[in-house]
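What you see below is based on every heavy atom in this structure, not just the backbone, and it leaves out hydrogens, waters and symmetry mates. Keep in mind it's a predicted model, so treat the numbers as computed, not measured.
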Amino acid sequence: MSQEELYFSPEQSSGDFKERKARSRLGLVVTGVVGGSLVALYAVAAPFVAPALRRVCLPFVPATTAQVENVLKALQARSGTLVDIGSGDGRIVIAAAKHGFHASGFELNPWLVWYSRYKAWREGVHRSTSFHISDLWKVSFAQYSNVVIFGVPQMMDQLELKLASELPSTAKVVACRFPFPTWVPEHTTGEGIDTVWVYNAETFKSHLQRGIRRETLTEKCDTSD
(Lines give C-alpha, C1' and ligand atoms only; values in the text may rest on other atoms or scores of the structure.)
Protein backbone atom coordinates (compact mmCIF):
# COMPACT_ATOMS: atom_id res chain seq x y z
CA MET A 1 0.00 0.00 0.00
CA SER A 2 1.36 3.39 -0.98
CA GLN A 3 1.84 6.27 1.42
CA GLU A 4 -1.04 8.22 -0.17
CA GLU A 5 -3.38 5.24 0.20
CA LEU A 6 -2.30 4.92 3.83
CA TYR A 7 -3.36 8.46 4.73
CA PHE A 8 -6.33 8.92 2.38
CA SER A 9 -8.25 5.65 2.27
CA PRO A 10 -11.85 5.74 0.97
CA GLU A 11 -13.16 4.36 4.27
CA GLN A 12 -11.47 7.13 6.25
CA SER A 13 -12.74 9.86 3.88
CA SER A 14 -16.31 8.53 4.17
CA GLY A 15 -16.03 8.49 7.94
CA ASP A 16 -14.74 12.06 8.03
CA PHE A 17 -17.61 13.22 5.81
CA LYS A 18 -20.23 11.57 8.03
CA GLU A 19 -18.66 13.11 11.13
CA ARG A 20 -18.64 16.59 9.59
CA LYS A 21 -22.28 16.16 8.54
CA ALA A 22 -23.28 15.09 12.05
CA ARG A 23 -21.51 18.11 13.54
CA SER A 24 -23.27 20.38 11.07
CA ARG A 25 -26.68 18.99 12.05
CA LEU A 26 -25.86 19.34 15.74
CA GLY A 27 -24.77 22.93 15.15
CA LEU A 28 -28.06 23.71 13.40
CA VAL A 29 -30.07 22.16 16.25
CA VAL A 30 -28.14 24.11 18.91
CA THR A 31 -28.48 27.33 16.92
CA GLY A 32 -32.22 26.76 16.55
CA VAL A 33 -32.71 26.03 20.24
CA VAL A 34 -30.69 29.09 21.33
CA GLY A 35 -32.37 31.34 18.77
CA GLY A 36 -35.83 30.12 19.75
CA SER A 37 -35.07 30.65 23.43
CA LEU A 38 -33.93 34.22 22.79
CA VAL A 39 -37.06 34.98 20.75
CA ALA A 40 -39.27 33.55 23.51
CA LEU A 41 -37.39 35.51 26.17
CA TYR A 42 -37.77 38.72 24.19
CA ALA A 43 -41.49 38.09 23.67
CA VAL A 44 -41.99 37.72 27.41
CA ALA A 45 -39.68 40.51 28.54
CA ALA A 46 -40.32 43.15 25.88
CA PRO A 47 -43.68 44.32 27.23
CA PHE A 48 -42.07 44.91 30.62
CA VAL A 49 -38.87 46.56 29.45
CA ALA A 50 -39.99 48.54 26.40
CA PRO A 51 -41.52 51.95 27.19
CA ALA A 52 -45.19 52.39 26.44
CA LEU A 53 -46.30 55.17 24.10
CA ARG A 54 -46.33 58.42 26.09
CA ARG A 55 -45.97 62.14 25.49
CA VAL A 56 -42.67 61.78 27.36
CA CYS A 57 -40.94 58.40 27.14
CA LEU A 58 -40.87 56.66 30.54
CA PRO A 59 -38.97 53.38 30.27
CA PHE A 60 -39.78 50.84 32.98
CA VAL A 61 -37.00 50.84 35.58
CA PRO A 62 -38.06 48.95 38.72
CA ALA A 63 -37.73 50.79 42.03
CA THR A 64 -34.98 49.48 44.26
CA THR A 65 -35.74 48.08 47.70
CA ALA A 66 -34.13 51.17 49.23
CA GLN A 67 -36.31 53.49 47.13
CA VAL A 68 -39.48 51.71 48.24
CA GLU A 69 -38.37 51.93 51.87
CA ASN A 70 -37.53 55.63 51.50
CA VAL A 71 -40.95 56.38 50.00
CA LEU A 72 -42.68 54.63 52.89
CA LYS A 73 -40.43 56.39 55.40
CA ALA A 74 -41.23 59.77 53.85
CA LEU A 75 -44.96 59.03 54.21
CA GLN A 76 -44.87 57.19 57.54
CA ALA A 77 -47.02 59.79 59.31
CA ARG A 78 -49.52 59.93 56.45
CA SER A 79 -52.64 57.95 55.58
CA GLY A 80 -55.54 58.00 53.13
CA THR A 81 -55.32 57.71 49.37
CA LEU A 82 -52.07 57.29 47.45
CA VAL A 83 -51.33 57.25 43.75
CA ASP A 84 -48.16 56.08 42.00
CA ILE A 85 -47.84 57.86 38.65
CA GLY A 86 -46.21 55.41 36.24
CA SER A 87 -46.67 52.46 38.60
CA GLY A 88 -44.64 49.93 36.58
CA ASP A 89 -44.90 46.47 38.15
CA GLY A 90 -46.90 47.81 41.11
CA ARG A 91 -44.33 47.42 43.87
CA ILE A 92 -44.85 50.93 45.33
CA VAL A 93 -48.65 50.56 45.30
CA ILE A 94 -48.52 47.11 46.89
CA ALA A 95 -46.04 48.22 49.57
CA ALA A 96 -48.18 51.28 50.36
CA ALA A 97 -51.32 49.13 50.66
CA LYS A 98 -49.54 46.91 53.17
CA HIS A 99 -48.92 50.06 55.25
CA GLY A 100 -52.59 51.04 55.33
CA PHE A 101 -52.97 53.26 52.26
CA HIS A 102 -55.74 52.85 49.73
CA ALA A 103 -53.32 52.86 46.81
CA SER A 104 -53.76 53.25 43.07
CA GLY A 105 -51.37 53.02 40.15
CA PHE A 106 -51.58 54.57 36.70
CA GLU A 107 -49.53 52.95 33.95
CA LEU A 108 -49.82 53.05 30.17
CA ASN A 109 -48.28 49.63 29.56
CA PRO A 110 -51.14 47.07 29.82
CA TRP A 111 -48.79 44.15 30.46
CA LEU A 112 -47.42 45.85 33.55
CA VAL A 113 -50.93 46.71 34.77
CA TRP A 114 -52.15 43.12 34.43
CA TYR A 115 -49.02 41.85 36.14
CA SER A 116 -49.51 44.37 38.97
CA ARG A 117 -53.10 43.23 39.50
CA TYR A 118 -52.00 39.60 39.67
CA LYS A 119 -49.17 40.49 42.06
CA ALA A 120 -51.54 42.46 44.33
CA TRP A 121 -53.92 39.48 44.41
CA ARG A 122 -51.06 37.13 45.23
CA GLU A 123 -49.85 39.46 48.02
CA GLY A 124 -53.37 39.69 49.46
CA VAL A 125 -53.86 43.43 48.98
CA HIS A 126 -56.11 43.44 45.90
CA ARG A 127 -59.02 44.93 47.89
CA SER A 128 -57.02 48.03 48.82
CA THR A 129 -55.27 48.53 45.48
CA SER A 130 -56.32 49.45 41.97
CA PHE A 131 -54.36 49.67 38.74
CA HIS A 132 -55.41 51.64 35.68
CA ILE A 133 -54.23 51.67 32.06
CA SER A 134 -54.10 55.38 31.41
CA ASP A 135 -51.96 58.30 30.24
CA LEU A 136 -51.07 60.46 33.25
CA TRP A 137 -51.83 63.63 31.27
CA LYS A 138 -55.44 62.53 30.80
CA VAL A 139 -56.10 61.80 34.48
CA SER A 140 -57.04 64.16 37.31
CA PHE A 141 -55.25 63.50 40.61
CA ALA A 142 -57.51 65.77 42.65
CA GLN A 143 -58.79 62.90 44.81
CA TYR A 144 -55.36 61.82 46.09
CA SER A 145 -53.70 63.05 49.27
CA ASN A 146 -50.36 61.33 48.59
CA VAL A 147 -48.59 61.20 45.23
CA VAL A 148 -45.49 59.24 44.22
CA ILE A 149 -43.75 59.88 40.91
CA PHE A 150 -40.76 58.23 39.22
CA GLY A 151 -40.32 60.77 36.44
CA VAL A 152 -37.70 62.03 34.02
CA PRO A 153 -36.39 65.61 33.80
CA GLN A 154 -38.19 66.30 30.50
CA MET A 155 -41.62 65.96 32.13
CA MET A 156 -41.15 67.43 35.60
CA ASP A 157 -41.86 71.07 34.74
CA GLN A 158 -45.17 70.15 33.05
CA LEU A 159 -46.08 67.87 35.93
CA GLU A 160 -45.43 70.70 38.41
CA LEU A 161 -48.20 72.76 36.83
CA LYS A 162 -50.60 69.84 36.58
CA LEU A 163 -50.22 68.72 40.19
CA ALA A 164 -50.22 72.26 41.59
CA SER A 165 -53.54 72.95 39.86
CA GLU A 166 -55.20 69.64 40.78
CA LEU A 167 -54.04 68.47 44.22
CA PRO A 168 -55.64 69.55 47.50
CA SER A 169 -53.47 71.77 49.72
CA THR A 170 -53.16 68.92 52.25
CA ALA A 171 -51.41 66.62 49.77
CA LYS A 172 -47.81 65.44 49.84
CA VAL A 173 -45.79 64.63 46.73
CA VAL A 174 -42.81 62.26 46.76
CA ALA A 175 -40.47 62.46 43.76
CA CYS A 176 -38.01 59.62 43.14
CA ARG A 177 -34.78 59.74 41.10
CA PHE A 178 -35.34 63.34 39.92
CA PRO A 179 -36.60 66.35 41.89
CA PHE A 180 -39.05 68.92 40.59
CA PRO A 181 -37.27 71.87 38.93
CA THR A 182 -38.75 74.82 40.87
CA TRP A 183 -40.47 73.36 43.93
CA VAL A 184 -38.61 73.55 47.24
CA PRO A 185 -38.69 70.17 49.02
CA GLU A 186 -39.91 69.97 52.58
CA HIS A 187 -37.21 67.38 53.23
CA THR A 188 -35.33 64.54 51.53
CA THR A 189 -34.88 60.90 52.49
CA GLY A 190 -32.08 58.56 51.39
CA GLU A 191 -29.05 59.30 49.28
CA GLY A 192 -27.70 58.79 45.76
CA ILE A 193 -30.09 57.21 43.27
CA ASP A 194 -32.33 56.16 46.17
CA THR A 195 -33.01 59.75 47.26
CA VAL A 196 -36.64 60.86 47.46
CA TRP A 197 -37.80 64.48 47.64
CA VAL A 198 -40.91 65.31 49.68
CA TYR A 199 -43.04 68.33 48.75
CA ASN A 200 -45.89 70.04 50.60
CA ALA A 201 -48.81 70.92 48.30
CA GLU A 202 -49.76 73.95 50.37
CA THR A 203 -46.33 75.43 49.67
CA PHE A 204 -46.12 74.82 45.92
CA LYS A 205 -49.77 75.76 45.36
CA SER A 206 -49.23 79.12 47.06
CA HIS A 207 -46.13 79.70 44.90
CA LEU A 208 -48.19 78.94 41.78
CA GLN A 209 -50.93 81.35 42.86
CA ARG A 210 -48.42 84.11 43.55
CA GLY A 211 -46.85 83.47 40.15
CA ILE A 212 -50.24 83.74 38.44
CA ARG A 213 -50.97 86.98 40.30
CA ARG A 214 -47.63 88.44 39.24
CA GLU A 215 -48.32 87.53 35.59
CA THR A 216 -51.81 89.07 35.82
CA LEU A 217 -50.47 92.29 37.34
CA THR A 218 -47.76 92.48 34.67
CA GLU A 219 -50.32 92.04 31.89
CA LYS A 220 -52.52 94.78 33.40
CA CYS A 221 -49.57 97.17 33.66
CA ASP A 222 -48.59 96.47 30.05
CA THR A 223 -52.19 97.08 28.91
CA SER A 224 -52.50 100.38 30.82
CA ASP A 225 -49.26 101.65 29.31
Side-chain angles (χ1 to χ4, degrees), residues 54-58 63 67-88 90 92-93 95-97 99-108 128-191 193-224:
R54 296 172 170 87
R55 181 191 300 184
V56 178
C57 182
L58 289 178
Q67 284 171 337
V68 176
E69 292 175 351
N70 289 338
V71 168
L72 296 175
K73 189 182 298 182
L75 297 174
Q76 60 185 350
R78 305 279 297 174
S79 60
T81 55
L82 178 145
V83 61
D84 183 11
I85 301 175
S87 53
I92 292 286
V93 173
H99 282 73
F101 291 95
H102 186 80
S104 301
F106 285 86
E107 169 62 47
L108 200 56
S128 55
T129 61
S130 61
F131 296 93
H132 310 275
I133 305 170
S134 184
D135 186 334
L136 70 90
W137 305 108
K138 298 177 181 179
V139 177
S140 172
F141 300 107
Q143 63 178 304
Y144 298 102
S145 54
N146 303 280
V147 177
V148 180
I149 173 68
F150 281 75
V152 292
Q154 296 92 324
M155 67 178 287
M156 301 303 272
D157 56 344
Q158 300 174 54
L159 193 57
E160 273 191 355
L161 296 174
K162 179 175 174 61
L163 294 179
S165 64
E166 294 178 356
L167 293 179
S169 58
T170 56
K172 295 280 187 182
V173 178
V174 180
C176 306
R177 295 202 179 99
F178 297 101
F180 284 94
T182 66
W183 291 354
V184 178
E186 185 179 58
H187 62 87
T188 62
T189 300
E191 57 184 15
I193 64 169
D194 298 320
T195 302
V196 301
W197 293 262
V198 184
Y199 301 91
N200 187 331
E202 185 176 8
T203 301
F204 60 69
K205 285 175 76 70
S206 65
H207 289 171
L208 176 64
Q209 291 170 357
R210 286 202 296 270
I212 292 175
R213 290 195 188 102
R214 282 197 297 270
E215 289 178 3
T216 303
L217 288 173
T218 301
E219 289 176 358
K220 287 183 178 179
C221 291
D222 292 341
T223 302
S224 62

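- For the atom pair CZ of Phe131 and OG of Ser87, the computed distance is 6.0 Å after rounding to the nearest 0.5 Å.
- A distance of 8.5 Å separates OG of Ser169 from CG of Asn200, quoted to the nearest 0.5 Å.
- To the nearest 0.5 Å, the span separating CG on Asp135 from CG on Leu108 amounts to 5.5 Å.
- Asp194 contributes no side-chain N or O that, together with a main-chain N or O of Asn70, makes up a donor-acceptor pair within less than 3.5 Å.
- Between Trp137 and Gln158, the shortest heavy-atom distance links the atoms CH2-CB, 3.5 Å.
- Contact of the Val198 side chain with the Pro185 side chain is not registered, since no non-hydrogen atoms from C-beta on lie closer than 4.5 Å.
- We find the OG1-CG distance between Thr182 and Leu161 to be 8.0 Å, quoted to the nearest 0.5 Å.
- Ring geometry for Phe180 against Tyr199 counts as perpendicular: the plane angle is over 60°, on a 0 to 90° scale with 30° as the lower cut.
- Of the possible donor and acceptor atoms, none in the side chain of Glu107 sits under 3.5 Å from a partner among the backbone N and O of Asp84.
- Between Thr203 and Glu186, every side-chain heavy-atom pair lies at or beyond the 4.5 Å cut-off.
- Remark: side-chain polar atoms of Thr81 are paired, donor with acceptor, to backbone N or O of Ser145 under 3.5 angstrom.
- Here the side chains of Thr170 and Glu202 are not in contact, with every heavy-atom distance at 4.5 Å or above.
- Applying the ring pair (Phe, Tyr, Trp, His ring centres under 6.0 Å) criterion to Phe106, with sequence neighbours excluded, gives His132, Phe141.
- Counting only heavy atoms from C-beta outward, the side chains of Leu82 and Val148 approach each other to under 4.5 Å.
- Side-chain contact between Thr129 and Phe101 is absent, with no heavy atoms from C-beta onward closer than 4.5 Å.
- Partners of Lys162 according to the salt bridge (charged side-chain N to carboxylate O under 4.0 Å, His left out) rule, which considers only residues two or more places apart in sequence or in another chain, are Glu166.
- Rounding to the nearest 0.5 Å places OG1 of Thr195 at 11.5 Å from CZ of Phe178.
- Within the 3.5 Å criterion, the main-chain N or O of Cys176 finds no donor-acceptor partner in the side chain of Gln67.
- Once rounded to the nearest 0.5 Å, the distance linking CD of Gln154 with CG of Leu159 reads 13.0 Å.
- Counting heavy atoms from C-beta on, the side chains of Trp183 and Met156 never come closer than 4.5 Å.
- Under a 3.5 Å cut-off, the side chain of Lys205 and the backbone N or O of Leu167 do form a donor-acceptor pair.
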